[in-house]
There are 2 protein chains.
Amino acid sequence: MTEATRRERLRAETEREIRQAARALLVERGRDAVTLRAIARELGITAPALYRYYDSHDALLRQLCDDICADMAAVLYADLAADTSGHVGCQVRAVCRSFRRWALAHPQEFALVFASPRDPLDTDQFGSVFLQLAGRLIASNLVVKHADDEVPEVLHEDLARFQQVLIDAVSVHGVTIEDDVLNLGKIYHVVQSWVRLYGHVALEVFGRFPFAVSNPEPMFDSMLDHMLSEIGFADD
Amino acid sequence: MTEATRRERLRAETEREIRQAARALLVERGRDAVTLRAIARELGITAPALYRYYDSHDALLRQLCDDICADMAAVLYADLAADTSGHVGCQVRAVCRSFRRWALAHPQEFALVFASPRDPLDTDQFGSVFLQLAGRLIASNLVVKHADDEVPEVLHEDLARFQQVLIDAVSVHGVTIEDDVLNLGKIYHVVQSWVRLYGHVALEVFGRFPFAVSNPEPMFDSMLDHMLSEIGFADD
DNA sequence: CGGTTTTAGTGAACGGTGTTTACAAGAGTT
DNA sequence: AACTCTTGTAAACACCGTTCACTAAAACCG
């Protein structure tokens with residue numbers, strides 16, 4: 001069965017251990033603790049050996065980002081699947097809550113993936129996760145509600161492109177979106193929802209609300225309510 | 001006039017140069033380039049000498065954060081003052097735009113101050129800047145519009161405390177807020193506005209919109225419009 | 001099988017980092 | 001002038017990313 005040679009198996013195993021060690025260091029002692037020497041120490045090898053697996057410390061960190069995104073995606077998908085209500089509104093709510101929960105439980109990972117200046121070109125898995133989830137949820141049965149003329153005309157081009165990206169993303173998985181379900185107005189509100197979701201979660205993770213919030217969860221839920229009703233998921 | 005001794009003046013000057021060098025390094029070559037040795041090199045001294053001014057590298061970074069906040073505050077206040085329209089809605093818009101402009105022009109600073117995991121205890125100047133600006137603008141003549149019962153009851157306590165903090169913050173500067181102008185519903189919407197403002201700006205700075213936005217400014221302005229109308233600044 | 005190539009790992013080295021320590025030299029004080 | 005306080009230095013320690021020459025073992029091949 002395993003076509004891999006002995007050497008390939010060992011290499012894959014070592015690579016797995018490297019990622020695992022890097023992740024543990026990030027979680028337990030922060031971004032700056034993810035050093036080549038610390039990772040190597042964990043594996044019982046020397047630092048230069050890691051260059052057989054990654055071109056540089058930077059490349060390893062990028063890999064780490066991708067791993068984090070993949071793991072987060074798995075969590076989000078799982079929590080989405082756990083919602084058996086059949087109501088899209090509930091599903092959206094479940095995913096948003098899942099995102100917040102994940103971010104609060106993994107602040108270092110969140111900071112690395114979602115709050116580091118980076119070139120917009122290099123994309124990790126996050127983009128596709130977002131597209132898959134958003135696309136899937138939108139495609140289901142979102143009530144058509146928003147007129148295109150609500151959104152400024154300058155944005156039409158970008159939003160139309162994003163619309164196409166969304167359609168392509170879900171069509172890869174066999175789902176098709178009818179044109180009347182996904183208009184520009186709706187796309188715009190999806191983006192606005194992402195702004196609010198991300199804004200709240202990041203502020204909470206980074207402790208940047210302008211006052212001490214003793215219990216942020218109801219505030220988040222309240223924000224979600226407004227967000228969902230605004231986007232048309234009011235009584236789903 | 002200058003009561004300071006010669007030594008005190010020299011010390012203050014050196015400290016100023018340290019901050020200046022640290023800032024330049026952050027701006028030009030990123031957070032990781034702000035090293036004690038690099039700063040010392042810039043001043044023509046040796047690294048251990050910096051320990052006469054700061055307890056550690058970490059303490060220096062914290063000072064850097066405060067400096068950044070102070071500078072940003074100065075920019076925001078200036079842009080606020082530059083708006084001579086007399087309309088509070090225009091002033092809020094001016095400050096929000098100023099915040100976005102500053103963040104885009106200073107991504108490294110923004111990331112350091114607004115997107116680093118930190119203990120919520122240690123507060124830099126940002127909190128007071130926010131309070132001053134928000135308080136001042138709210139105090140002016142915001143149309144009463146939002147009922148308290150819109151906000152979940154669990155939030156009342158936190159929001160009431162924040163309300164008091166706001167009142168105190170502006171009263172220090174001689175401004176008083178009448179009770180009927182600042183109710184919990186309004187406070188809640190102020191917080192929600194901060195969520196959206198921060199969310200958009202951070203997403204733009206970090207390139208984390210789910211698709212390539214070729215021209216984010218109109219999207220920001222559009223968001224601002226919705227935000228202001230929601231908070232009651234519609235036709236000010 | 002025997003010889004060759006490919007590979008994963010080592011150890012030493014280079015220049016960089018934060019931090020501590022012992023020490024010098026000047027400024028301020030009495 | 002003698003003394004103290006302050007600001008700097010140089011040396012050292014342990015850590016960092018990275019390069020390079022080298023070894024030993026695995027894989028390949030005639």
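As the structure is a computational prediction, the values presented were derived from the model and not from experiment. Residue numbers begin at 1 in each chain, while the letters A, B, ... track the order of the sequences. All values below come from the heavy atoms of this structure, side chains included, with hydrogens, waters and symmetry mates left out.
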May I have the distance from [X] (atom [atom1]) to [N] (atom [atom2]), rounded to whole angstrom?
{"X": "Tyr54(A)", "N": "dG17(D)", "atom1": "OH", "atom2": "C1'", "result": "17 Å"}
{"X": "Leu50(B)", "N": "dT19(C)", "atom1": "CG", "atom2": "C1'", "result": "12 Å"}
{"X": "Arg52(B)", "N": "dT19(C)", "atom1": "CZ", "atom2": "C1'", "result": "13 Å"}
{"X": "Tyr51(B)", "N": "dT17(C)", "atom1": "OH", "atom2": "P", "result": "12 Å"}
{"X": "Glu15(A)", "N": "dA8(C)", "atom1": "CD", "atom2": "P", "result": "10 Å"}
{"X": "Arg9(B)", "N": "dA27(C)", "atom1": "CZ", "atom2": "C1'", "result": "12 Å"}
{"X": "Leu60(B)", "N": "dT17(C)", "atom1": "CG", "atom2": "P", "result": "14 Å"}
{"X": "His57(B)", "N": "dT17(C)", "atom1": "NE2", "atom2": "P", "result": "10 Å"}

Exercise. Is it the case that Gln192(A) and Arg196(A) place a side-chain donor and acceptor less than 3.5 Å from each other?
Worked result: no
Problem set entry | Flag for Tyr51(A)-Ser56(A): side-chain donor and acceptor within less than 3.5 Å | no
For this session: State whether Arg11(B) places a side-chain N or O below 4.0 Å from either non-bridging phosphate oxygen (OP1 or OP2) of dT7(D).
Result: yes
Tabulate below the donor-acceptor pairs under 3.5 Å that side-chain atoms of residues 107-116 of chain A make, not counting sequence neighbours, or state none.
unit_1, atom_1, unit_2, atom_2, d
Glu109(A), OE2, Arg23(A), NE, 3.4
Ser116(A), OG, Ala111(A), O, 3.2
Ser116(A), OG, Leu112(A), O, 3.0

For this session: Assess Arg11(A) against Tyr53(A): is NZ or CZ under 6.0 Å from the centre of the six-membered ring, and within 45 degrees of the ring's axis?
Result: yes
Exercise. With a non-hydrogen cut-off below 4.0 angstrom, is Tyr53(B) in contact with a base, only sugar-phosphate, or nothing?
Worked result: sugar-phosphate
Problem set entry | Closest listed nucleotide, where the reference is the side chain of Ala47(A) and the choices are dT18(D), dT19(C), dT9(D) | dT18(D)
Problem set entry | Residue Glu157(B) excluded, over 12 heavy atoms near CD under 6.0 Å | no
Problem set entry | Residues, nucleotides or ligands: over 12 heavy atoms within 6.0 Å of Asp32(A) CG |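 Check passes, neighbour count above 12.
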Exercise. Which word best sums up how the rings of Trp194(A) and Tyr198(A) line up, parallel for under 30°, tilted for 30 to 60°, or perpendicular for over 60°?
Worked result: tilted
Problem set entry | Within residues 17-46 of chain B, residues whose heavy atoms come under 4.0 Å of DNA chain C |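 Heavy-atom contacts with DNA chain C come from Thr35(B), Leu36(B), Arg37(B), Arg41(B).
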